[in-house]
Amino acid sequence: MDEHALQRRAIDSASLRELYTRLDMRSFLRALDGAATSAAPATATAAVSTAPPPGTDPLERHYALITDWTVLLGWCERLARAPLFAFDTETTGLDYMQAQIVGVSFCVEPGRGAYVPLAHSYAGAPEQLDRQRVLEALRPLLEDPAHAKVGAHMKFDMHVLANHGITLRGQRYDTMLESYVLNSTATRHDMDSMAEKYLGLRTIHFEDVAGKGAKQLSFDQVSVATAAEYAAEDADVTLRLHQALWPQLEALPALARLYQEIEQPLVPVLQRMERGGVLIDRAMLQRQSLELAARMRELIAAAQRAAGQEFNVESPKQLQQILFEKLQIPVLRKTPTGQPSTAEDVLEELAVEHELPRLILDYRLLAKLRSTYTEKLPEQIDAHTGRVHTSYHQAVAATGRLSSTDPNLQNIPIRSPEGRRIRQAFIAPPGHLLLAADYSQIELRIMAHLSGDAGLLRAFATDQDIHQATAAEVFGVAPDQVSADQRRSAKAINFGLIYGMSAFGLARQLGIERGAAAQYVELYFARYPGVRAYMDATRERARRDGYVETVYGRRLYLPEINSRNRQLQQYAERSAINAPMQGTAADIIKRAMLGVDAWCQEPGVAARLIMQVHDELVLEVREDYLATAGERVRALMVAAAQLRVPLSVEVGHGRNWDEAH
DNA sequence: GTGGCGTCC
DNA sequence: CAGAGGGACGCCACT
């Protein structure tokens, strides 16, 4: 640690002392004076020693259960002096908007941790320190970015602290993200899995202390003694995991940079987006639900007439029986388990000759919209804020993308007219508008960058319609002579390339002969030879190195790339082709989010980020600020990467998300 | 819990 | 020859 940092900590300790004087914590001041003569923390009376699980943990554990001010404030002092401490909260639940703090735990040195119970509330629970007073005592530590913390999935801790009026800062490391950046697929990134993989430790799991199923206790019902073991261990193991993982990251400078410059700074950005939420027009969705239900009833009646019997139109099994046995319609494709498929493209083809498949297709579209969106979204509106608050997951997708759950805001319909109406229910509050900004063809631009193919680079440099340009090359016509069908084929080729698709897949997609599809692909590679060379080189590198990487150095390991199982090996090859493009796009939009969020935080900026959908950012903007925001967001997104081709961003706005496109 | 399907990028 | 499109999440039926 440099001298400046040391000095800053000394000042912080002094200001802590001032704060505690103001709070009239005389016992703490006595503890501080005592602590000054002794390096050891005051854990005496409440100390709990834990024997390590036999043969697994080389460290002797000393976990403190803190129930009096003297001991707590001794720990505060110790945390204030520590260059880094692990921090964890225990809560009443996982819903980050509702969760209340039940206790907090710390660790500054492996094997030594502390738990402060604050709101255990079962019959006979021991007296505990007052929650709000404890949080006030911790506030200067928690809110000061100079006091570095390590945690496990600290975005959640940020939320629950926010529920108690505290803004967590100084989150320097997060073991979940360290593990994810190091290897997105080697393990799950929860503490229990990581402790086993990286430390060889079997930790106490939540289910061990709270049970599972319907009888699971909320944490405030767990005994204080049990909770202390569990929670202090969490903080202890978090610190140990960090000490194991960080050196591994530092040994790979590109990954350490990715971590420090993108993933870790993104945490507070995502936290603000989640907490801000998105406004939903509940009444509009409820009206749509009723309309959909009426149309579904009609379709069920028609389908049962066509089938000549009653059946559950939502059961693929019953549908198979009726289509392929009763009605003797030919089986076009089977599922991986050998059952006749009733998937959309199959039914689409059967619908040419038969009535029932079309009715099923129509029914499925409406049923999907109703069950997943118009019925569910209103249920997920937070009663206090009147908005939906998704969770963005930062350590799930192997390629570096985010994912979204509860609700998933990254798969809201857009293709069908009925689907688009759902987007009309995503609205801006009075006096505001939604602004949507999409990267245009970002993955193909990245392919141009990575491959360096001259033709592709030229097409993007001159800002051509890329599918039209591809069609012109492949079919040998002037760009303005490209037919709609040729453009559609070229688009399928372009997307197929990004996904590592075969001629067979392209043929199926376009409904043409396999030979014709193979010819298209051959023509494509003849016109864009750099792309073929890049694909070959990427597969070769993956085989040699066992991983592929993005422009920013993010790695995706592909252990099955050399598998003798051909299916696994080919799957790995397709991932090798796709991951650098999908992953680089993820890196770029994350960089853009950092820029856009930083701008949004500036004084006077009347815009905030509310959603991310892989290549799109959505903001809520005060009406009078729209023009400023539109140009600023575009500029920040374009500037998020400097590739060999320019990035292009389309910006739109409206009273709802549908209009904004 | 798994399989089939369908929504998004 | 067989299988032959990347990454997610969530609903329903069924076991």
Establish, yes or no, whether a centroid distance under 6.0 Å links the rings of A:Y524 and A:Y528.
yes
Nearest-Å distance for atom pair CD/P, residues A:Q569 and C:dC1:
19 Å
Would you indicate which nucleotide in C:dA2, C:dC12, C:dG10 comes nearest to any side-chain atom of A:R566?
C:dA2
Would you confirm whether A:H389, through its side chain, and A:Q380, through its main-chain N or O, come within 3.5 Å as a donor-acceptor pair?
no
In whole Å, measure the gap between the P atoms of B:dT7 and C:dA2 for me.
32 Å
A:M296 atom CE is separated from C:dC12 atom P, nearest whole Å, by 9 Å
Would you say A:R527's side chain and A:T470's backbone share a donor-acceptor pair under 3.5 angstrom?
no
With a 3.5 Å distance limit and no angle check, can you tell me whether A:Y520 reaches the backbone of A:A503 through a side-chain donor-acceptor pair?
no
Does a side-chain N or O from A:K317 land closer than 4.0 Å to OP1 or OP2 of C:dT15, or not?
yes
Without decimals, in angstroms, what is the distance between A:L497 CG and C:dG6 P?
14 Å
Pairs of donor and acceptor atoms involving the side chains of residues 394-401 of chain A, under 3.5 Å and at least two apart or interchain, shall be tabulated with distances.
unit_1, atom_1, unit_2, atom_2, d
A:Q394, NE2, A:E263, O, 2.8
A:Q394, NE2, A:E263, OE1, 2.8
A:T399, OG1, A:Q582, OE1, 2.7

Looking only at atom P, what distance separates C:dG3 and B:dG4, rounded to whole Å?
14 Å
Please report the distance, rounded to the nearest Å, between CZ in A:F504 and P in C:dC1.
14 Å
Presence of A:Q318 side-chain N/O under 4.0 Å of C:dC14 phosphate oxygens OP1/OP2:
yes
Return the minimal non-hydrogen interatomic distance between A:L506 and A:A517, and the atom names on each side.
CD2-O, 3.9 Å
Could you walk me through whether A:E650 and A:H661 satisfy the side-chain hydrogen bond (donor to acceptor under 3.5 Å, both in side chains) test, starting with their C-alpha distance in whole Å, then the side-chain angles of each, then the deciding distance to 0.1 Å, before giving a yes or no?
CA-CA 9 Å; A:E650 291 177 12; A:H661 271 278; over 6 Å; no
Using atom CD1 of A:I446 as one end and atom P of C:dG7 as the other, report the distance to the nearest whole Å.
16 Å
Calculate the interatomic distance between A:L366 atom CG and C:dC12 atom P; express it in whole Å.
15 Å
Can you build the contact string for nucleotides 4-9 of chain B? Use B for base contact, S for sugar-phosphate-only contact, and - for no protein heavy atom under 4.0 Å.
SSBBSB
Taking atom C1' of C:dG6 as reference, at what distance in whole Å does atom OH of A:Y571 sit?
7 Å
Show the nearest heavy-atom pair for residues A:R554 and A:L258, with the distance to one decimal.
CB-CD2, 3.5 Å
Single hit among A:V551, A:L643, A:I262 for side-chain contact (heavy atoms from CB on, under 4.5 Å) with A:I588
A:L643
Counting side-chain heavy atoms from CB outward, which of C:dG3, C:dC12, C:dC9 is closest to A:E314?
C:dC12
Give a yes/no on whether any side-chain N or O of A:Y392 is located under 4.0 angstrom from OP1 or OP2 of C:dA8.
no
Note: contacts of residues 531-552 of chain A with DNA chain C (heavy atom, under 4.0 Å) are none
Is the ring centre of A:H467 less than 6.0 Å from the ring centre of A:F495?
yes
Without decimals, in angstroms, what is the distance between A:L568 CG and C:dA2 P?
19 Å
With a 4.0 Å limit, can you tell me whether A:S575 has a side-chain N or O closer than that to the phosphate oxygens OP1/OP2 of C:dG7?
yes
Taking only the side-chain heavy atoms of A:V396 (C-beta and beyond), determine which of C:dA4, C:dC11, C:dC9 contains the nearest atom.
C:dC9
Under 4.0 angstrom, heavy atoms only, what part of the nucleic acid is A:R370 near: base, sugar-phosphate, or nothing?
nothing
Do any side-chain nitrogens or oxygens of A:S403 fall under 4.0 Å of OP1 or OP2 in C:dC9?
yes
For A:A367, which contact category applies under a 4.0 Å heavy-atom criterion: base, sugar-phosphate, or nothing?
nothing
